[in-house]
Amino acid sequence: MTLKRVILGILTAIAIALVGLSLLASWNQPQIQSRLELYQTNLLLHASEWQGDNNQSANLSSARNNIVGADPLNTALTQYQAARDSTRKTLETTQSQFKGIQSAIASKSPDNTLNLAQNKALSESIDQQSVLLNELELRLGILQASSGKTEAALQTWKNLVERYKTQIDDDSSVVTAQVLTGIWSNPAQLLPDAEPRIQKSLDGWFRYRALAQLYKLQERSKELVALQAAEQVTAEQAVEKLALIVGVPAISLCIGTVLLVGLTVQWLLQRKQLDTAGSGPVLARNASLTWDVPWDGEIVWQVLVVGFFFVGQILIPYLLLPVSLAVLKLNPATFDPRDKAFYIFATYVLLSAGGLSVLYFSVKSFLPLPEGWFRINWRGSWFLWGFGGYFVALPLVVLVSLINQQFWQGQGGSNPILPIVLEGRDNVALAVFFGTAAIAAPVFEEIVFRGFLLPSLTRYLPVWGAIAASAFLFAVAHLSVSEILPLATLGAVLGFVYTRSRNLLAPMLLHSLWNSGTLLSLFLLGGGAS
């Protein structure tokens with residue numbers, strides 16, 4: 001066994017351990033999809049407040065009625081109750097796991113290194129879930145009070161306060177719960193800092209409802225009228241945003257479903273006419289045409305382990321960036337959204353440069369490469385393949401995601417960039433996030449997973465097997481256990497598009513459209529719900 005293989009073996013073990021710990025840490029984390037559903041519910045609550053007037057567009061009024069539904073308040077109440085119950089159950093499970101790990105650490109188990117890492121991950125997860133549970137209960141109580149269920153609301157806030165009897169401080173959700181309890185009690189008990197507490201701790205429709213109740217009790221008619229006028233402006237904007245958020249994906253989903261059905265029918269009717277030379281049915285084009293792979297599996301192993309996992313998961317986050325930040329005397333924990341955006345962009349550029357450098361030096365001895373490798377051709381039908389692949393991917397990923405949601409019940413983690421985008425209000429930060437997710441990520445990931453990995457695997461697997469294997473590794477590389485199935489589905493479509501088009505521009509375009517659509521939805525939901 002050569003020294004190179006020994007080093008690769010050690011790095012592989014480290015990479016597997018780090019990926020495993022990352023997936024384990026994501027196990028009890030909330031999914032971004034769960035938060036998106038609540039953000040969309042918040043927009044619906046805003047939209048339900050819109051009254052319109054005679055000068056408003058009839059189309060906008062019709063859109064409002066169709067989108068909001070018959071009883072948006074009760075729908076929101078049901079969703080928040082389900083989210084609260086799910087979060088509480090997950091928190092109890094995580095706390096139980098945490099106690100078990102602590103017992104193992106106390107007994108000085110031989111696996112204490114792994115136990116300590118799990119202990120830290122579970123502790124962070126408990127903190128995040130506790131914060132989320134508090135937020136959900138504050139909002140659930142407001143929904144209950146607005147639905148006429150005042151006693152249930154008071155009980156919800158009372159439960160929150162009782163959980164923290166020995167931990168009350170001025171910055172906790174407990175104080176906000178006490179403020180809300182006071183303004184909805186009979187008789188009311190107004191705390192002196194009620195308004196600033198509501199302004200600080202609540203947002204969107206929930207802030208509006210709480211302030212409206214406070215102003216009524218204080219008989220501040222001028223402030224109440226101004227609040228209602230501001231809410232009408234926000235409500236009209238919410239209707240417009242919901243029309244985009246619901247309407248555009250629905251149209252795209254219909255197009256994708258029709259296209260998928262049509263292509264499937266074509267495949268069934270003409271599957272006997274396979275032509276590996278490039279003519280024949282669209283789906284059959286290049287179906288069995290493999291690449292001439294001049295290297296063996298060790299080179300593939302080297303690029304993935306060293307170029308992707310070692311550089312991306314160890315070298316940059318644990319060595320280069322900490323040293324650079326120490327020299328510059330910067331602390332990422334204090335970064336605002338704009339600083340975080342540039343930090344993430346810089347991290348990704350370094351990761352990409354390192355990964356592509358390892359890829360280049362790994363295949364350098366095989367230059368010039370056989371025809372068809374890393375092919376980028378601005379001519380041809382790559383544009384149609386990219387757009388067509390995007391529309392086809394939509395119904396497939398949506399279907400898999402719906403099934404996946406039933407299994408994970410809102411847990412399993414998500415890409416850490418997405419919550420930052422969802423809660424961001426800085427246009428510069430959003431532009432930088434767009435550059436990272438819609439440009440840098442598609443270019444780097446498509447070069448590695450479709451440009452290199454997929455063709456390399458055709459040396460050992462049929463084309464369909466190479467597509468499946470590369471799609472799975474693509475999904476795992478995102479380090480969120482609940483996203484493995486949806487991302488593997490997307491990866492399979494990306495692989496299919498590349499093997500048929502033989503042009504990296506096609507999957508890059510598809511990947512960019514997918515990430516752009518996600519970012520646009522996050523921007524509209526985040527901006528409209530607050």
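- Distance CD/Q129 to NZ/K89: 13.0 Å, rounded to 0.5 Å.
- Put simply, the side chain of L190 reaches to within 4.5 Å of the side chain of L214, judged on heavy atoms.
- Taking OG1 of T234 as the reference point, atom CG of L227 lies at 9.5 Å (rounded to 0.5 Å).
- Here the side chain of S512 pairs no donor or acceptor atom with the backbone of I439 at under 3.5 angstrom.
- Here ring pair (Phe, Tyr, Trp, His ring centres under 6.0 Å) pairs that include residues 139-162, with residues two or more places apart or in two chains, are W157-W184.
- E446 pairs by the salt bridge (Lys or Arg N to Asp or Glu O under 4.0 Å) definition with R450, not counting sequence neighbours.
- Atom CG in L77 sits 11.0 Å away from atom OG1 in T41 (nearest 0.5 Å).
- Counting only distance, with no hydrogens or angles, the side chain of S86 and the backbone of A82 share no donor-acceptor pair below 3.5 Å.
- With sequence neighbours excluded, the residues that form a ring-ring contact (aromatic ring centres under 6.0 Å, His included) with F387 are F383.
- Aromatic ring centroids of H511 and F474 lie under 6.0 Å apart.
- In this structure, T436 and P442 approach most closely via the heavy-atom pair O-CD, 4.5 Å.
- Take Q144 and apply the side chain to side chain donor-acceptor pair (under 3.5 Å) test, not counting sequence neighbours, and it matches T156.
- For the atom pair F434 CZ and N515 CG, the distance stands at 9.5 Å (nearest 0.5 Å).
- Taking the side chain as every heavy atom from C-beta outward, L136 and T87 approach each other to under 4.5 Å.
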Exercise. Step by step, would you call I142 with L138 a side-chain contact (heavy atoms from CB on, under 4.5 Å)?
Worked result: CA-CA 7 Å; I142 295 174; L138 288 176; 5.7 Å; no
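- Judged purely by atom type and a 3.5 angstrom limit, Q213 uses its side chain to pair as donor or acceptor with the backbone of I183.
- Counting all heavy atoms, side chain and backbone alike, A429 lies closest to A341 at O-CB, 3.6 Å.
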Exercise. side-chain hydrogen bond (donor to acceptor under 3.5 Å, both in side chains) between D85 and Q81: does it pass, once the steps are laid out?
Worked result: CA-CA 6 Å; D85 294 343; Q81 285 174 331; over 6 Å; no
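- Although no hydrogens or angles enter the test, the distance criterion places no donor-acceptor pair under 3.5 Å between the side chain of N134 and the main chain of V174.
- Shown here for A477 and F449, the closest heavy-atom pair between the two residues is CB-CZ, 3.8 Å.
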For this session: Start with the C-alpha distance between I403 and L485, add both sets of side-chain angles, then the distance that settles side-chain contact (heavy atoms from CB on, under 4.5 Å), and finish with yes or no.
Result: CA-CA 10 Å; I403 298 171; L485 286 179; over 6 Å; no
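- Put simply, the side chain of Q228 reaches to within 4.5 Å of the side chain of Y208, judged on heavy atoms.
- In terms of heavy atoms, L509 sits closest to G386 at CD2-CA, 3.9 Å.
- Going from atom CG of L487 over to atom CG of L473 covers 13.0 Å, rounded to the nearest 0.5 Å.
- In this view, Y80 and F206 satisfy the ring-ring contact (aromatic ring centres under 6.0 Å, His included) rule, not counting sequence neighbours.
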Exercise. Stepwise, does the salt bridge (charged side-chain N to carboxylate O under 4.0 Å, His left out) test hold for E135 with R139?
Worked result: CA-CA 6 Å; E135 180 184 339; R139 295 184 173 207; 3.6 Å; yes
Exercise. Given the rule in the side-chain contact (heavy atoms from CB on, under 4.5 Å) test, do V175 and R197 qualify, once you have shown the distances and angles that lead to the verdict?
Worked result: CA-CA 8 Å; V175 180; R197 173 58 56 181; 3.7 Å; yes
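- Looking at residues two or more places apart in sequence or on another chain, you find no side chain to side chain donor-acceptor pair (under 3.5 Å) involving N74.
- Nearest heavy-atom pair, P486 versus V400, reported as atom, atom and distance to 0.1 Å: N-CG1, 3.9 Å.
- The side chain to side chain donor-acceptor pair (under 3.5 Å) test applied to E231 returns H46, not counting sequence neighbours.
- Nearest approach of A471 to G491, heavy atoms of both residues: CB-C, 3.6 Å.
- Considering only heavy atoms from C-beta on, L160 comes within 4.5 Å of R163 through its side chain.
- Pairs engaging residues 146-156 under the salt bridge (charged side-chain N to carboxylate O under 4.0 Å, His left out) rule: none recorded [sequence neighbours left out].
- By the 4.5 Å heavy-atom criterion applied to side chains, W205 and L143 are counted as neighbours.
- Residues S401 and V397 are in side-chain contact: their nearest non-hydrogen atoms beyond the backbone lie under 4.5 Å apart.
- Looking only at distances, a side-chain donor or acceptor of R207 sits under 3.5 Å from a matching main-chain atom of L202.
- Sorted by first then second residue, the ring pair (Phe, Tyr, Trp, His ring centres under 6.0 Å) pairs that include residues 218-241, not counting sequence neighbours, number zero.
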Problem set entry | Intermediate values then yes/no, side-chain contact (heavy atoms from CB on, under 4.5 Å), L351 and F444 | CA-CA 9 Å; L351 184 154; F444 173 61; 3.1 Å; yes
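- In this structure, the side chains of E445 and L494 stay at 4.5 Å or more apart for every pair of heavy atoms.
- For L396, the side-chain contact (heavy atoms from CB on, under 4.5 Å) partners at least two apart in sequence or on another chain are L260, V392, T489, V493.
- Partners of E223 under the salt bridge (Lys or Arg N to Asp or Glu O under 4.0 Å) rule, at least two apart in sequence or in another chain, are R220.
- The shortest distance between side-chain heavy atoms of L430 and L519 does not fall below 4.5 Å.
- With S352 contributing its side chain and Y348 its backbone, the two residues share a donor-acceptor pair below 3.5 Å.
- With sequence neighbours excluded, the residues satisfying salt bridge (Lys or Arg N to Asp or Glu O under 4.0 Å) with R209 are E49.
- One finds the OG1 atom of T181 at 10.0 Å from the CD atom of Q155 (value rounded to the nearest 0.5 Å).
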